[in-house]
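Everything below concerns the one structure shown next.
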Amino acid sequence: MKISLKPMVLCGAGLLAFVANAQESGRKVVLHGSVQSDVLIPEEDEKIGTGTYSDWGLTNTYADLNLMSKYVDAGARLEFTEFPLPGFEPDFKGWGVPHIYVKGKLKGVDITAGDFYDQFGSGFVFRTYEERSLGIDNSLRGARVNVTGLKGVSFKVLGGLQRRYWDWSKDSWVGGADLELNLEQYSARMRDKNITWMVGGSYVLKHEKDEDIVVPGTNYRLNLPEMVSAFDVRSRFQKGDYSLLAEYAWKSQDPSFDNGYIYHRGNALMLSGSYSRRGMSALLQVKRSEDMAYRSQRSMNGNSVFINNMPAFAYQHTYALAALYPYATQAAGGEWAFQGEVGYNFARRTPLGGKYGTKLKVNFSHVRSLDKEDVDAAVGTSLYGTKGYKSKFFKVGGETYYQDINVQMEKKLTKAFKLNLMYMNQRFNDAVIRQEDNGMIKSHIAVAEGKYQFNNKLTLRAEAQYLATKQDEGDWTYGLLELSVLPYFMFTVSDMWNNGESNVHYYMGSVTFNYKAHRLMAGYGRTRAGYNCSGGVCRYVPATRGFQMSYNFNF
């Protein structure tokens with residue numbers, strides 16, 4: 001990898017000039033920043049399959065610096081991943097200053113030059129963001145104009161080259177525009193009735209140079225579209241406690257590695273309704289999507305250079321065993337996804353609320369396949385260069401990808417003791433989600449969490465979890481003890497035990513120290529191989545053993 005010092009020098013000079021100019025003119029300059037460093041000193045462990053290591057220490061380290069004033073903001077980020085933590089793609093390795101920006105602000109208009117993140121609507125056609133735990137940074141390097149000073153209007157237009165780790169390919173660029181209108185700003189009657197109504201639309205264009213993609217077993221070269229367009233329209237209506245959202249996206253033909261180089265048009269439809277008042281909430285969502293994997297480089301795989309993001313309609317679990325089989329959105333293959341959730345707080349001094357009240361939440365997620373029929377292959381048995389398949393829009397497919405039914409209860413039993421309970425029934429289609437041959441993994445998961453507060457400084461928290469399944473590796477048991485000694489220390493010990501196929505313990509012990517804006521965690525133990533997921537996007541993390549350290553500082 002080649003590291004150019006020119007961007008670093010220009011960035012440093014620009015930031016110094018900005019500070020000097022702001023100080024001379026008497027404007028207030030605010031400095032914000034952060035440091036994050038995660039370190040692993042690995043040890044080889046044949047029993048859990050860690051493999052071998054060529055480096056004695058591994059780290060992902062980031063340092064952000066942002067200067068803000070009334071009219072101008074500027075910032076940069078230093079990243080050091082020359083010896084990255086396990087499980088990241090090979091091109092993730094490197095170091096330098098890959099994120100630099102300057103933003104000018106005046107009377108409801110801001111203009112950004114450099115690297116930036118943004119999102120249109122729910123992200124169906126455009127979302128650039130950073131998620132360090134997944135190794136995702138798909139920012140654009142270019143320019144953006146954002147207009148918010150007009151009554152009831154939010155408008156932005158942007159364009160640039162998309163980041164792929166330490167590369168910004170000049171063979172492709174991305175541009176787009178987004179407009180939202182808040183209609184209640186034009187109607188006093190709507191405001192009097194506590195009504196908000198947003199309508200919006202987006203357009204995104206990817207331009208990518210042609211390349212040689214040949215149908216397997218032939219000399220036939222695909223005629224690839226250099227322009228791929230995507231549209232999105234949406235409306236959100238809210239009156240009092242009720243909210244409704246409808247969104248539809250469409251994408252032109254986009255043959256890529258993700259969809260097997262077929263010429264199929266993508267689309268997505270989402271409907272979401274919610275109700276919320278004091279002590280009660282309800283949510284109901286449905287989403288149908290097909291062929292909505294949208295990248296700036298058609299032949300890439302993994303988690304890089306996605307222009308958009310298709311959110312998962314599945315509960316994001318935080319308990320270890322409940323998150324053991326997380327769902328990854330099937331953006332290219334498509335899916336029908338349904339989710340419903342009801343939460344209710346039983347008031348204090350009622351039969352079910354008791355002395356301190358009771359919180360109850362029920363969530364249901366169900367994801368199925370589309371109803372598809374393959375078209376005849378154009379050449380041999382390959383679908384390269386064809387439309388791939390046809391499907392009936394409103395017909396649900398017969399294959400279940402994922403299902404999660406969980407019930408959670410929070411109950412304060414005494415002034416000092418709080419109890420959380422959860423039961424979860426899960427179905428996980430391993431062949432579709434992880435492309436592994438374990439069939440449908442069916443599991444039952446029970447969780448009990450207790451927290452006892454001895455005084456204002458001393459709190460003990462404990463978790464007991466059990467996962468029962470006849471598939472994959474069999475049953476799992478998990479236990480955790482965490483002692484918080486405010487304001488400085490937290491001591492944690494845990495063990496995840498596979499009492500099924502492998503009979504392996506994944507033990508971990510750690511100490512966390514907090515002082516003002518500093519947080520330091522040091523620990524030792526084993527980590528199970530599995531998938532780390534966020535928002536339907538997943539990264540495979542191999543098994544590790546060794547000394548871990550994490551340092552965070554914000555200012």
So, [X] and [Y]: side-chain donor and acceptor under 3.5 Å apart, yes or no?
{"X": "D475", "Y": "N499", "value": "no"}
{"X": "E211", "Y": "S299", "value": "yes"}
{"X": "T61", "Y": "S37", "value": "yes"}
{"X": "Q119", "Y": "R127", "value": "yes"}
{"X": "T50", "Y": "R545", "value": "no"}

**Item:** Set of residues satisfying ring-ring contact (aromatic ring centres under 6.0 Å, His included) with respect to H366, sequence neighbours excluded
**Value:**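 For H366 there are no ring-ring contact (aromatic ring centres under 6.0 Å, His included) partners, ignoring immediate neighbours.
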**Prompt:** Does K451 have any side-chain hydrogen bond (donor to acceptor under 3.5 Å, both in side chains) partners at least two apart in sequence or in another chain, and if so, which?
**Reply:** none
Taking distance alone, no hydrogens or angles, what donor-acceptor pairs closer than 3.5 Å link side-chain atoms of residues 501-515 to residues at least two apart or in another chain?
unit_1	atom_1	unit_2	atom_2	d
S502	OG	N498	OD1	2.7
N503	OD1	W497	NE1	2.8
H505	ND1	D495	OD2	2.6

**Message:** Applying the side chain to side chain contact (heavy atoms under 4.5 Å, CB included) criterion to V204, which one of V228, L158, V174 satisfies it?
**Reply:** V174
Pairs of donor and acceptor atoms involving the side chains of residues 327-335, under 3.5 Å and at least two apart or interchain, shall be tabulated with distances.
unit_1	atom_1	unit_2	atom_2	d
Y327	OH	E335	OE1	2.4
T329	OG1	M310	O	3.1
Q330	NE2	A328	O	2.8
E335	OE1	Q330	N	3.2
E335	OE2	K287	NZ	3.2

**Prompt:** What pairs with D178 under salt bridge (charged side-chain N to carboxylate O under 4.0 Å, His left out), at least two apart in sequence or on another chain?
**Reply:** R234
Counting only pairs under 3.5 Å, give me each side-chain donor-acceptor contact of residues 479-492, with atom names and distances, residues two or more places apart or in other chains.
unit_1	atom_1	unit_2	atom_2	d
E482	OE1	R461	NH2	3.2
E482	OE2	R461	NE	3.2

**Message:** Can you confirm whether or not the ring centre of H317 sits under 6.0 Å from the ring centre of Y325?
**Reply:** no
**Prompt:** Are Y540 and Y531 an aromatic pair by the rule of ring centers under 6.0 Å?
**Reply:**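 Centroid separation for Y540 and Y531: below 6.0 Å.
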**Message:** Within the structure provided, determine whether L419 and E449 are in side-chain contact (heavy-atom separation under 4.5 Å).
**Reply:**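 No, too far: nothing below the 4.5 Å cut-off.
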**Message:** Measuring only between side-chain heavy atoms, which start at C-beta, is F313 closer than 4.5 Å to S365?
**Reply:** no
**Request:** Decide ring pair (Phe, Tyr, Trp, His ring centres under 6.0 Å) for Y62 and H99; before the verdict, give the C-alpha distance in whole Å, the side-chain angles of both, and the deciding distance to 0.1 Å.
**Result:** CA-CA 11 Å; Y62 306 84; H99 190 87; over 10 Å; no
**Test item: Q471 side-chain N/O and K442 main-chain N/O as donor-acceptor pair under 3.5 Å** = yes
**Request:** Would you please test Y315 and K361 for side chain to side chain donor-acceptor pair (under 3.5 Å) and show each step?
**Result:** CA-CA 12 Å; Y315 191 85; K361 182 165 63 177; 3.1 Å; yes
